[in-house]
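Counting starts at 1 for both ligands and their atoms, following the listed order.
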Amino acid sequence: MIRKLLVSEVSQVKDLIEPFVREGLLLPKSLYSLYTSIRDFWIVTGDHDRTEVIGCCALQISWNDMAEIRTLAVKKECQSSGIGKQLVDACIREASELGLKTLFVLTYVPEFFKKAGFSEVDKATLPNKIWSDCIHCQYFPDCRETALIYHLEG
Ligand SMILES: CC(C)(COP(=O)(O)OP(=O)(O)OC[C@H]1O[C@@H](n2cnc3c(N)ncnc32)[C@H](O)[C@@H]1OP(=O)(O)O)[C@@H](O)C(=O)NCCC(=O)NCCS
């Protein structure tokens with residue numbers, strides 16, 4: 001089941017992303033930053049245990065026409081069954097309802113996002129204001145992520 005994140009589930013999201021943070025695939029998120037950005041998050045819960053969070057993804061608005069897909073993670077044992085795509089699609093739908101024009105993502109899994117309809121772009125084409133979080137990354141300023149964008153219709 002896909003739905004918005006509840007405050008009572010924030011610690012589960014922290015535990016879910018932690019292994020991927022350790023692998024350097026995701027930026028670390030403090031509990032404080034998760035609570036303050038809770039309304040950005042979509043989650044998927046387990047089929048058998050509806051209280052278990054098995055996937056998460058955030059849509060963070062950057063400016064009047066642009067938002068970023070962030071903190072996308074699916075529990076290792078639940079990967080490859082369409083959950084990541086489901087989460088990105090929910091963010092795309094929400095972005096469209098909000099009247100946004102463009103989504104972007106910085107990622108080490110560009111092929112996953114290409115399958116979801118995103119196109120690779122030169123990082124230098126993204127507006128400077130989106131880089132504020134990058135100073136927290138262990139690879140800053142030598143970013144090795146790929147930038148991709150998705151144009152919303154309308
Ligand atoms: C990337 C991630 C979210 C994908 O989640 P998932 O639930 O396994 O992906 P899905 O099952 O929805 O895959 C959808 C499609 O993308 C493909 N895909 C998934 N991961 C892929 C990858 N790493 N590279 C290329 N294609 C990939 C799938 O094969 C599937 O293709 P299909 O439609 O032709 O069958 C998951 O692997 C993950 O949590 N990775 C670690 C954290 C991470 O890197 N997050 C991205 C941060 S931007």
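- When non-hydrogen atoms are compared, ligand 1 lies under 4.0 Å from neither the backbone nor the side chain of Ile69.
- Under the 4.5 Å side-chain heavy-atom criterion for grouping Ile, Leu, Val, Met, Phe, Trp and Tyr, Val88 is connected to Val109 within one hydrophobic cluster.
- Below 3.5 Å of separation, one finds no N or O of Glu111 facing any N or O of ligand 1.
- Using a 4.0 Å threshold on non-hydrogen atoms, atom 2 (C) of ligand 1 does not count as touching the protein.
- Nearest protein heavy-atom contact of atom 11 (O) of ligand 1 is Gly82 N, 2.8 Å.
- Remark: the backbone N or O of Leu6 is paired with a side-chain donor or acceptor of Glu9 at under 3.5 angstrom.
- Residue contacts with ligand 1 include Phe20, since one or more of its heavy atoms lies under 4.0 Å from the ligand.
- Distances between N or O atoms of Lys85 and those of ligand 1 include at least one value under 3.5 Å.
- Distance from atom 48 (S) of ligand 1 to its nearest protein heavy atom, with residue and atom name: Thr107 OG1, 3.3 Å.
- Using a 4.0 Å cut-off between heavy atoms, Cys78 makes no contact with ligand 1 at all.
- Nearest-heavy-atom check against atom 31 (O) of ligand 1 across Glu23, Glu145, Lys115 picks out Lys115.
- For atom 43 (C) of ligand 1, the candidate residues are Ile17, Val88, Val21, Leu72; the nearest heavy-atom contact is made by Leu72.
- Summary of contacts: the protein heavy atom closest to atom 44 (O) of ligand 1 is Leu25 CB, 3.9 Å.
- Ion pair Glu111/Lys115 not flagged as a salt bridge, since none of the NZ, NE, NH1 or NH2 atoms sits closer than 4.0 Å to an Asp/Glu carboxylate oxygen.
- A donor-acceptor pair under 3.5 Å is formed between the side chain of Gln12 and the backbone N or O of Val53.
- With respect to atom 23 (N) of ligand 1, the closest heavy atom belonging to the protein is Val109 CG1, 3.6 Å.
- Under the salt bridge (charged side-chain N to carboxylate O under 4.0 Å, His left out) criterion, Glu23 pairs with Lys76, not counting sequence neighbours.
- Test Leu59, Val13, Val10 against Phe41 for side-chain contact (heavy atoms from CB on, under 4.5 Å) and you get one pass: Val13.
- Closer than 4.0 Å to atom 35 (O) of ligand 1 lies none of the heavy atoms of the protein.
- Closest to atom 7 (O) of ligand 1, if we only count protein heavy atoms, is Gly84 N, 2.8 Å.
- For atom 14 (C) of ligand 1, the nearest non-hydrogen atom of the protein is Phe112 CE1, 3.8 Å.
- Within the model, atoms CZ of Arg144 and OG1 of Thr146 stand 12.5 Å from one another, a figure rounded to the nearest 0.5 Å.
- Looking at ligand 1, you'll find an N or O of Val74 within less than 3.5 Å of one of its N or O atoms.
- Applying the salt bridge (charged side-chain N to carboxylate O under 4.0 Å, His left out) test to every pair with at least one member in residues 83-105, sequence neighbours left out, gives these pairs: Lys4-Glu94, Lys85-Asp89.
- Ring geometry, Phe113 versus Phe118: the interplanar angle exceeds 60°, so the pair is classed perpendicular (tilted spans 30 to 60°).
- Residue-to-ligand polar distances place Ser80 within reach of ligand 1: an N/O pair is separated by less than 3.5 Å.
- Lys123 contributes a side-chain N or O that, together with a main-chain N or O of Glu145, makes up a donor-acceptor pair within less than 3.5 Å.
- Residue contacts with ligand 1, taken as heavy atom pairs separated by less than 4.0 Å, involve Gln79 via backbone and side-chain atoms alike.
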